A.B. asks: 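The structure that follows is given in the form of structure tokens.
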Amino acid sequence: MMHNLMEHIRGGISHSIEQAIRTLATAGELPGDVVDVLSGAEVPLEVPKDPRHGEFASPIALAIAKRAGKPPREVASLIARELMASAERRYVEAAEIAGPGFINFRLSKQWVADSVALIRSRGSEYGRCDFGRGERVMVEFVSANPVGPLNVVNARAAAVGDTLVRLLKAAGYDAASEFYVNDAGRQVEVLAESVYARYMELKGDDYAFPEDGYRGEYVRDIAAGAMEDPRIADRLSAMNAGEARSFFREYALGHILDWQKRSLAEYQVHFDKWFSERELRATGAVETMIGEMEAAGHTYREDGALWFRSSDFGDDKDRVLVKSDGLYTYVAPDLAYHKNKLSRGFTKLVDILGPDHHGYEGRMQAGLKSFGYPDGTLEVLLLQLVTLMREGQPVKMSKRAGEFITMDDLLEEVPRDAARYFFVMRNTSSHLDFDLDLARAQSMDNPVWYIQYAYARCCSIFRQAEAAGISSDDWASADLTLLAEPSELDLVRKMAAFPDEVLSAALERAPSRIAKYGLDLASVFHSFYSECRVIGDDVALTMARLALVDAAKTVVANALNVMGIEAPERM
RNA sequence: GCGCCUGUAGCUCAGGGGAUAGAGCAACGGACUUCUAAUCCGUGGGCCGCAGGUUCGAUUCCUGCCAGGCGCGCCA
């Protein structure tokens, strides 16, 4: 079944241009060697920024003019003439020469009608395609250490990661999301020690708080929570220091993990799997991997440590796998984890990391390369920082001073839909200024409201139609060729671009494209709404416009859905 | 010093070899007896950081420089 009309038409035009050039070359109107330019890729067709230049434009004449030995505009008109004489004409109404030698293609009313009909028949599937052919992709994101609350960059990662997974699924990939839980490292011991210290303090014992301990209030709360539970308090009083620390490690870990899971669930971010580093280690996967690396000669011993020759595989320098004290650095289990992902059948891995992890990529890439996986198996998406803005001023955050805004704090302050949209609306590689006042604002300035309002307006029109005794059967067979106003065509054009937009966003790993698209779509819809009265005296036109609004409602909903944002029927 | 990211309208940012570089906000001026004015329409506003290079064509690609952010552990 066709799912992208624009793609279909583009392919047809490209093919026709190629045929036209071949015909002209054979007929001697163009030199024979111009066809060399055609070898390989499809003839380029772009969507002009300015709609006056038609639905498609080809710069092919500019590219081959030199070889053809004729001015670009002359080459363009030869091609256009040949093309219009031979091409299939269901959708192409005219091919015009413009500017320095572009061939602009204007599409027919049939295209408008078929576009709207396609959207209405595909419904919530509109925008999806099978490009990925079921390739298994794993997106790992957030993966915050289980030693404290989720922060604002984690919230950005959650929104971006979740949207990317939805995009990949829409593009036909078998995409899965995973949260890697670092529950085995030194930091977990530091957490245990921190909670234990607070426990001793609450008991009134003199006990030094660890130098590098976690000083957040939550650490004290966890200790207090344990003491307030009589059954736990009893057991604790019978434990020696080692046993108590060990108890607190598990107790705190469980609490914090639950907390993180709850925060993300509230944020509507779902993970297919929470993968425990501890469980990975328990399988012996790390030892096995290191054994294989040693056997392959990718390691050496120096200063009592075991090193990975990562610089042989593109890293800046070699990395320690096993420290001189016999413990692993994070590199060893992390590499084993990535190997594990691939062993589960994923052929493509995407890691979404915070800006402080950029050095990490070289190590992981080197590791996977040394294991023999092809380049491009792992893609790292580095998120840049988030600055919260309040009243036009950056919100100062200092861990030391305890002025720290967590993801939970943020979600208490701004609605979930707004937070998700704001985190996704910028390029991942750009710093993000998050305007708290704007995200909270119930006004036209707020882009989330603006898009949601477009959906609500569609619903409102249908409520009116129903009140007027019009049912969906009445417009199912509307004459869609009646849609001809500029604002109607702008809307159709924008909706027709949605499948391309979804695919590009997925392939470029650029969720921000969909955020932008949603805003643009809402904008053309609102223009249409004020330009064209939908329910009016002209019955045929009313039906055509109801069908158009039905399509718009679908596309707005699909765009919001891919970002995990609600589409409200009333506002 | 090295690495990553970013320099586009007053502000926040899109775009990413192609036609006259876009949007929102801010400023100014208009539009509701009609499906939600939470909206729409219009006006002004730009050496696309600087300098070279690649080519039919560069804001876009390459190199160098300048500026800002972040990072550079046998921490994760």
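Just so it is clear, the model here is predicted, and its values are computed rather than measured. In what follows, chains are A, B, ... by sequence order, proteins preceding strands, each numbered from 1.
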A.B. asks: The side chain of A/Val320 lies closest to which of these nucleotides: B/A76, B/C4, B/C74?
C.D. replies: B/C74

A.B. asks: Need the pair for B/A9. Rule: Watson-Crick or G-U wobble, both distances under 3.5 Å, any strand; none if unpaired.
C.D. replies: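 B/A9 is unpaired by these criteria.
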
A.B. asks: Heavy atoms under 4.0 Å, any strand shown: does A/Asn104 hit a base, just sugar-phosphate, or nothing?
C.D. replies: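 Base contact - A/Asn104 has a heavy atom under 4.0 Å of at least one base atom.
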
A.B. asks: Calculate, to the nearest 0.5 Å, the distance between atoms CG and CD belonging to A/Asp351 and A/Glu140 respectively.
C.D. replies: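 Going from the CG atom of A/Asp351 to the CD atom of A/Glu140 covers 4.5 Å.
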
A.B. asks: Distance check: side-chain N/O of A/Lys516 vs OP1/OP2 of B/A14, anything under 4.0 Å?
C.D. replies: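 Indeed not, no polar side-chain atom of A/Lys516 lies that close.
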
A.B. asks: Kindly give the heavy-atom pair with the smallest separation between A/Leu382 and A/Gly354, and that separation in Å.
C.D. replies: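 Nearest pair, atom of A/Leu382 first, then A/Gly354: CD2-O, 3.5 Å.
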
A.B. asks: Find the distance A/Arg156:CZ to B/C70:P and express it as a whole number of Å.
C.D. replies: 15 Å

A.B. asks: Under a 3.5 Å cut-off for both contacts, is B/G73 paired Watson-Crick or G-U wobble with anything, and if yes, with which nucleotide?
C.D. replies: none

A.B. asks: Check whether any side-chain nitrogen or oxygen of A/Tyr328 sits under 4.0 Å from OP1 or OP2 of B/A76, and answer yes or no.
C.D. replies: no

A.B. asks: Name the nucleic acid region contacted by A/Arg457, choosing base, sugar-phosphate or nothing; use a 4.0 angstrom heavy-atom cut-off, strictly under.
C.D. replies: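 Sugar-phosphate, no base atom in range.
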
A.B. asks: Would you please confirm or rule out a distance under 4.0 Å between OP1 or OP2 of B/G15 and any side-chain N or O of A/Lys49?
C.D. replies: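 False: A/Lys49 side-chain N/O out of range (4.0 Å or more) of B/G15 OP1/OP2.
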
A.B. asks: Within the 4.0 Å heavy-atom criterion, would you say A/Cys458 contacts the bases, only the backbone, or no part of the nucleic acid?
C.D. replies: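 Since no nucleic acid heavy atom lies under 4.0 Å of A/Cys458, the category is nothing.
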
A.B. asks: Need the pair for B/C50. Rule: Watson-Crick or G-U wobble, both distances under 3.5 Å, any strand; none if unpaired.
C.D. replies: B/G64

A.B. asks: Can you tell me the pairing partner of B/A19 across any strand shown, Watson-Crick or G-U wobble, with both distances under 3.5 angstrom?
C.D. replies: none

A.B. asks: Does any N or O donor sit under 3.5 Å from an N or O acceptor when you compare the side chain of A/Ser324 with the base of B/C74?
C.D. replies: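 In this structure, the two groups form a donor-acceptor pair.
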
A.B. asks: For B/C40, take OP1 and OP2 only and decide whether either is under 4.0 Å from a side-chain N or O of A/Tyr450.
C.D. replies: yes

A.B. asks: Kindly check if the number of other-residue, nucleotide or ligand heavy atoms within 6.0 Å of NZ (A/Lys323) is above 12?
C.D. replies: yes

A.B. asks: With respect to the phosphate group of B/G73, does any side-chain polar atom (N or O) of A/Lys323 fall under 4.0 Å of OP1 or OP2?
C.D. replies: no

A.B. asks: What's the closest nucleotide to the side chain of A/His358 if the choices are B/C4, B/A76, B/A26?
C.D. replies: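 Closest nucleotide to the A/His358 side chain: B/C4.
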
A.B. asks: Using a 4.0 Å heavy-atom cut-off across all strands, classify A/Ala456 as base, sugar-phosphate, or nothing.
C.D. replies: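 Base, at least one base atom sits under 4.0 Å.
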
A.B. asks: At 4.0 Å (heavy atoms only), tell me whether A/Arg570 reaches a base, stays on the sugar-phosphate, or touches nothing.
C.D. replies: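 Touches a base.
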
A.B. asks: OP1, OP2 of B/A76 versus side-chain N and O of A/Ser143: anything below 4.0 Å?
C.D. replies: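 For B/A76, OP1/OP2 do not have a side-chain N/O of A/Ser143 under 4.0 Å.
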
A.B. asks: Strictly below 4.0 Å: does A/Ser430 bring a side-chain N or O up to OP1 or OP2 of B/A14?
C.D. replies: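 Checking A/Ser430 against B/A14: at least one side-chain N or O falls below 4.0 Å of OP1 or OP2.
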
A.B. asks: Quick check on the 6.0 Å ring-centre criterion: do A/Phe525 and A/Tyr455 meet it?
C.D. replies: no

A.B. asks: Tell me which nucleotide, if any, is Watson-Crick or G-U wobble paired with B/C28 when both distances must be under 3.5 Å.
C.D. replies: B/G42

A.B. asks: Applying the side chain to side chain contact (heavy atoms under 4.5 Å, CB included) test to A/Leu167, which of A/Leu503, A/Val502, A/Val139 qualifies?
C.D. replies: A/Val502

A.B. asks: Say you draw a straight line from CG of A/Asn340 to CG of A/Asp334; how long is it, rounded to the nearest 0.5 Å?
C.D. replies: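 Rounded to the nearest 0.5 Å, the CG-CG separation comes out at 12.0 Å.
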
A.B. asks: Is there a donor N/O on one and an acceptor N/O on the other, under 3.5 Å, for the side chain of A/Asp50 and the base of B/A21?
C.D. replies: no

A.B. asks: What does A/Ala65 touch in the nucleic acid at a heavy-atom separation under 4.0 angstrom: a base, only the sugar-phosphate, or nothing?
C.D. replies: nothing

A.B. asks: Please state whether the phosphate of B/A14, meaning OP1 or OP2, lies under 4.0 angstrom from any side-chain nitrogen or oxygen of A/Ser512.
C.D. replies: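 A/Ser512 to B/A14 OP1/OP2: no side-chain N or O under 4.0 Å.
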
A.B. asks: Please check the phosphate of B/A14 (OP1 and OP2 only) for any side-chain N or O of A/Asn427 closer than 4.0 Å.
C.D. replies: yes

